[in-house]
Each structure stands twice: as structure tokens, then as C-alpha cells.
Number of protein chains: 2
Amino acid sequence: MSLRYAVLEVLQASPMNGYRLARRFAEAQRWVWSAPQSQVYGVLAKLREDGLIAGAVREGENGLSTADYSLTPEGERHLARWISEPHSEPPTRDPFALQALGFDAVDTDSAVAVLEAHIAEQEALIEQWGEHREALLRRDTPLLRERLKARPAGEHRRIAEVKAMVFGRQVELATAKVDWARRMVDLLRDLDREAPARDESASA
Amino acid sequence: MSLRYAVLEVLQASPMNGYRLARRFAEAQRWVWSAPQSQVYGVLAKLREDGLIAGAVREGENGLSTADYSLTPEGERHLARWISEPHSEPPTRDPFALQALGFDAVDTDSAVAVLEAHIAEQEALIEQWGEHREALLRRDTPLLRERLKARPAGEHRRIAEVKAMVFGRQVELATAKVDWARRMVDLLRDLDREAPARDESASA
DNA sequence: CTCGGCATGTAACCGGTTACATGATTTT
DNA sequence: AAAATCATGTAACCGGTTACATGCCGAG
């Protein structure tokens with residue numbers, strides 16, 4: 001459902017064709033929303049049908065015909081309404097937490113290995129999101145530059161700070177996950193020291 | 001995919017029938033995984049086919065026939081393997097972050113209202129998860145009590161502390177979200193004071 | 001006798017994933 | 001000429017959601 005709005009937000013910043021849009025969403029693990037290329041074209045078709053976007057077919061620089069989609073006035077209103085209304089969170093569904101619930105049932109070393117892989121993954125995300133945040137504050141990302149071009153200078157600061165703040169959130173959440181995982185490693189090690197040589201159901 | 005393992009984890013703690021299991025997952029917004037009743041029966045059927053669980057048909061206390069499912073040895077191994085292996089995080093897909101990215105494009109009051117609804121929602125979760133965490137440490141939840149009955153006393157501490165720690169994580173993550181949302185409110189208000197009376201595309 | 005709770009499902013739908021198809025153009 | 005990239009899709013599948021179907025039992 002939300003991909004619609006993710007697409008609208010990107011197209012609002014800068015009109016572009018399906019290919020560029022699809023690439024953005026396909027590459028963007030690090031972004032707040034990701035989607036495979038095939039899904040983007042579907043959503044694009046639906047948004048067109050619903051009259052929320054319109055594609056100006058344009059002769060690309062290379063003679064290739066390509067449609068630059070941008071929001072219709074109705075699309076702008078639709079997006080603004082979605083942003084302005086509270087939407088209840090989707091039900092919790094956290095595979096890692098589910099896995100961690102089972103750490104009492106496996107040997108400590110395996111659990112620690114899983115936690116360390118998790119830490120590494122989150123730290124990579126922290127770096128990517130952090131860099132993106134910095135780039136936003138410098139107003140130095142491709143999409144933001146295109147977005148600012150279309151907006152009065154008085155709004156530039158607000159736009160950049162809000163976007164940067166959201167990536168700051170992602171960094172903070174990932175940092176909290178890393179902190180927790182380290183404490184979980186300590187806990188498992190402590191429990192092992194206090195009650196040593198338990199034999200788990202799966203013994204070597 | 002993960003619902004399989006969520007089901008296995010619950011059945012490992014205590015064998016039960018589809019109804020009780022389905023109710024758990026349907027009610028459990030507050031849990032780490034939720035699922036509608038209809039899906040649980042489907043997963044249950046598949047786990048049966050795959051030989052990971054077996055249902056002992058039993059005459060219920062009221063003469064009603066009901067199947068108590070529990071893990072087969074293969075099911076135990078399967079679950080232990082899944083818990084012991086790292087699984088990469090699913091691609092980021094955070095509807096709230098997506099919405100927050102658009103806060104620069106709507107008026108501050110609307111954005112603040114959305115943020116306050118978010119804060120209220122997260123605080124409710126914090127309370128529920130926090131209570132559950134306390135209950136786990138007291139070893140006073142229905143499922144944990146049933147689980148501990150089947151395990152030697154020497155493991156009780158480890159089991160309770162690990163489970164509690166996971167709910168502690170959920171509390172910490174939700175707390176980080178609340179903290180961030182409050183700072184976001186401040187930021188929007190500050191930006192408004194510094195560059196007052198901007199008129200957003202949607203003016204009253 | 002009806003209503004709510006126990007118990008087990010089926011059916012239709014939708015969002016998201018994986019994989020494949022097609023054709024043009026640009027680069028090597 | 002072959003490979004990479006631009007550009008736009010289709011098809012099959014799967015996990016998850018909503019809604020409905022069925023029947024038994026005990027309580028009011």
C-alpha cells in the first residue's frame with residue numbers, strides 16, 4: 001500500500017521515468033522503502049489510471065522515447081492528505097526478535113554468532129544512513145538538489161532538516177539495536193558462567 | 001515465512017490446539033509476531049505435512065475432540081537450526097518513516113498531530129511490552145509457566161532472562177521512537193518560529 | 001432456544017518477490 | 001559483434017488479510 005506514496009514522494013521531488021524510479025527502489029535497501037523493479041511499473045500504471053500522476057512523453061536525449069511522470073494536482077492533494085493523517089502501525093512483525101526469543105534454546109556460541117552478524121548488518125546500515133543524513137544537511141544528494149530547485153529558497157532549510165531528521169531516526173533505531181545486541185551477548189555469556197556446562201538439546 | 005517459526009516456538013513451550021494458537025496470534029499486536037486466525041490453520045497444516053509437528057487427537061475436557069500439536073524431533077531440530085543461523089534483515093519498509101519524510105510538505109500542526117498520535121501508540125506498546133517483560137522476570141506468564149514445567153530448574157533463569165530481554169528490546173526501540181518524535185515536534189516548531197507564516201501548498 | 005465461545009477450516013484478494021521477455025541504444 | 005544499459009513490461013508464486021462457512025457445546 002505504501003509504495004504508492006513512496007513513489008508519489010519521489011516523483012514530487014523530481015519527475016522521472018519508470019526506469020529511473022524502479023532503479024531507485026530496487027537499489028534502496030538503505031532507503032526507507034524498497035521494491036523490486038517489476039512492482040514499480042505496476043504501481044505506476046495504477047497511479048496513472050487513478051489520475052494521480054501524468055506522464056509527459058518526451059524524446060529522451062538519445063532519441064529514445066520515455067515518459068516523465070509527475071504529480072497531477074489531485075496527486076499532490078492525495079499525497080498531502082496521506083501525510084497529514086495518522087495511520088496506525090502495521091502489526092508487529094520482527095523476524096529478528098522472533099529469532100532472539102529462541103536464544104535460550106540453543107548454545108551460547110551460536111546465539112552470539114547470530115547476534116554478531118546482526119550487529120555487523122546494523123552497523124553497515126548506520127553508516128549508510130548516517131552518510132545520507134550528512135549529505136542531506138549539506139543539501140548534496142541528487143534528489144534533494146532537484147527538489148530544492150522547484151521550491152523557494154525560504155523553504156530549503158525546512159526541507160533539508162526534516163529529511164535529514166528522518167534518516168537520523170533510522171540511525172538511532174539501528175544504534176539501539178546494536179546496543180541491545182551487545183548487552184544480549186553479555187547476558188548470554190554471564191548466564192553461561194553462572195550455570196556452566198548446560199547441555200542444550202543439540203549437543204555436539 | 002517466519003510465522004512457521006513463531007508457531008514452532010509457541011508449540012515448543014506448550015503443545016496446544018489450533019484454536020488456542022490462532023487466538024494467541026490474532027490477539028497479539030503487542031507480541032513480536034501477529035497473524036490472523038485463518039493463516040495459522042494453514043501454517044499448521046503445512047507443518048503437519050512437513051512432519052515438523054504432530055497432533056495427538058485428544059478428547060477435550062468437554063467431550064470435544066481437539067488435536068494437541070507438539071514438535072516432532074525433526075521439528076525441534078528444524079527450529080534449533082533456524083534460531084542458530086543468521087538471517088539477513090528483510091528490506092527496510094517503514095511506513096511511518098515514509099510519512100515523516102513528507103512532513104516538510106504539510107503544515108506544522110498536521111505533522112505534529114501525526115507525531116503525537118505516533119507517540120501515544122508507541123507509549124501504549126511500551127506499557128504492554130514492559131508489563132510483559134516484568135511478568136516474564138517474575139516467571140508469571142501462562143506460556144512461560146508451561147514451558148518451565150518441561151525444563152530442568154537449572155535452565156529456568158536463562159529461559160526467563162532471555163525472553164524478558166527480547167521484550168526489553170521492544171521497549172527500548174519504542175522508547176527511541178518516542179524520543180525521536182518529540183524532538184521532531186520541537187524541530188518543526190523551531191523551524192516555524194524562525195521562518196514564520198510560510199504558506200504550504202495546502203492552505204486553509 | 002438463542003447466543004457466545006470452542007474448534008476448524010475455505011475463498012477471494014492484494015502486496016510483494018522472482019524470474020523471464022522484449023527491444024532499442026550505447027559501449028567495448 | 002557482443003555485452004552492458006536504457007526502458008517497459010508479463011507471469012507465476014507466496015505470505016498475509018478479510019470475510020465467510022460449519023458444527024458442537026454450555027450458559028442464560
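Per chain, numbering begins at 1; letters A, B, ... match sequence-line order.
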[N] OP1/OP2 closer than 4.0 Å to side-chain N/O of [X]:
{"X": "B:Y19", "N": "C:dC6", "result": "yes"}
{"X": "A:R20", "N": "D:dT8", "result": "no"}
{"X": "B:R23", "N": "C:dC6", "result": "yes"}

Original post:
Is A:R4 touching bases, backbone alone, or none of the nucleic acid, heavy atoms closer than 4.0 Å?
Top reply: nothing
Original post:
Out of C:dT17, D:dT17, D:dA7, which nucleotide sits closest to the side chain of A:P36?
Top reply: C:dT17
Original post:
B:M1 side chain: which of D:dT17, C:dG16, D:dG15 is closest?
Top reply: D:dG15
**OP:** Could you run through nucleotides 9-14 of chain C and give me one letter per nucleotide, 5' to 3': B if any protein heavy atom sits under 4.0 Å from the base, S if only the sugar-phosphate is that close, - if neither?
**Re:** BB----
**OP:** On the 0 to 90° scale, with breaks at 30° and 60°, tag the B:H132-B:F167 ring pair as parallel, tilted or perpendicular.
**Re:**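 Judged by the thresholds at 30° and 60°, the geometry between B:H132 and B:F167 is perpendicular.
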**OP:** Give me the ring orientation class for B:H118 and B:F96: parallel if the planes are under 30° apart, tilted from 30 to 60°, perpendicular past 60°.
**Re:** parallel
Original post:
When rounded to the nearest 0.5 angstrom, what is the spacing between CD1 in A:I126 and CD in A:Q170?
Top reply: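 Reported value, rounded in 0.5 Å steps: 11.0 Å.
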Original post:
How would you list, by chain and number, every residue that makes a salt bridge (charged side-chain N to carboxylate O under 4.0 Å, His left out) with A:R147, sequence neighbours excluded?
Top reply: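 Partners of A:R147 under the salt bridge (charged side-chain N to carboxylate O under 4.0 Å, His left out) test: none.
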Spacing between [X] atom [atom1] and [N] atom [atom2], to the nearest angstrom:
{"X": "B:Y5", "N": "D:dG16", "atom1": "OH", "atom2": "P", "answer": "12 Å"}
{"X": "B:D94", "N": "C:dG16", "atom1": "CG", "atom2": "P", "answer": "14 Å"}
{"X": "A:D68", "N": "D:dC6", "atom1": "CG", "atom2": "P", "answer": "15 Å"}
{"X": "B:N17", "N": "C:dT8", "atom1": "CG", "atom2": "P", "answer": "5 Å"}
{"X": "B:L21", "N": "C:dA7", "atom1": "CG", "atom2": "P", "answer": "12 Å"}
{"X": "A:R24", "N": "D:dT5", "atom1": "CZ", "atom2": "P", "answer": "19 Å"}

**OP:** List in chain and number order the residues that pass side chain to side chain donor-acceptor pair (under 3.5 Å) with A:H87, two or more places apart in sequence or in another chain; answer none if no residue qualifies.
**Re:** A:W82
Original post:
So, for B:V162 and A:L101, which heavy atoms are closest and what is the spacing to 0.1 Å?
Top reply: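 Scanning both residues completely, I find the closest heavy atoms to be CG1-O, 4.3 Å.
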**OP:** Salt-bridge test for A:E134 and A:R138: reply yes if a basic N is under 4.0 Å from a carboxylate O, no otherwise.
**Re:**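 No, A:E134 and A:R138 are not salt-bridged.
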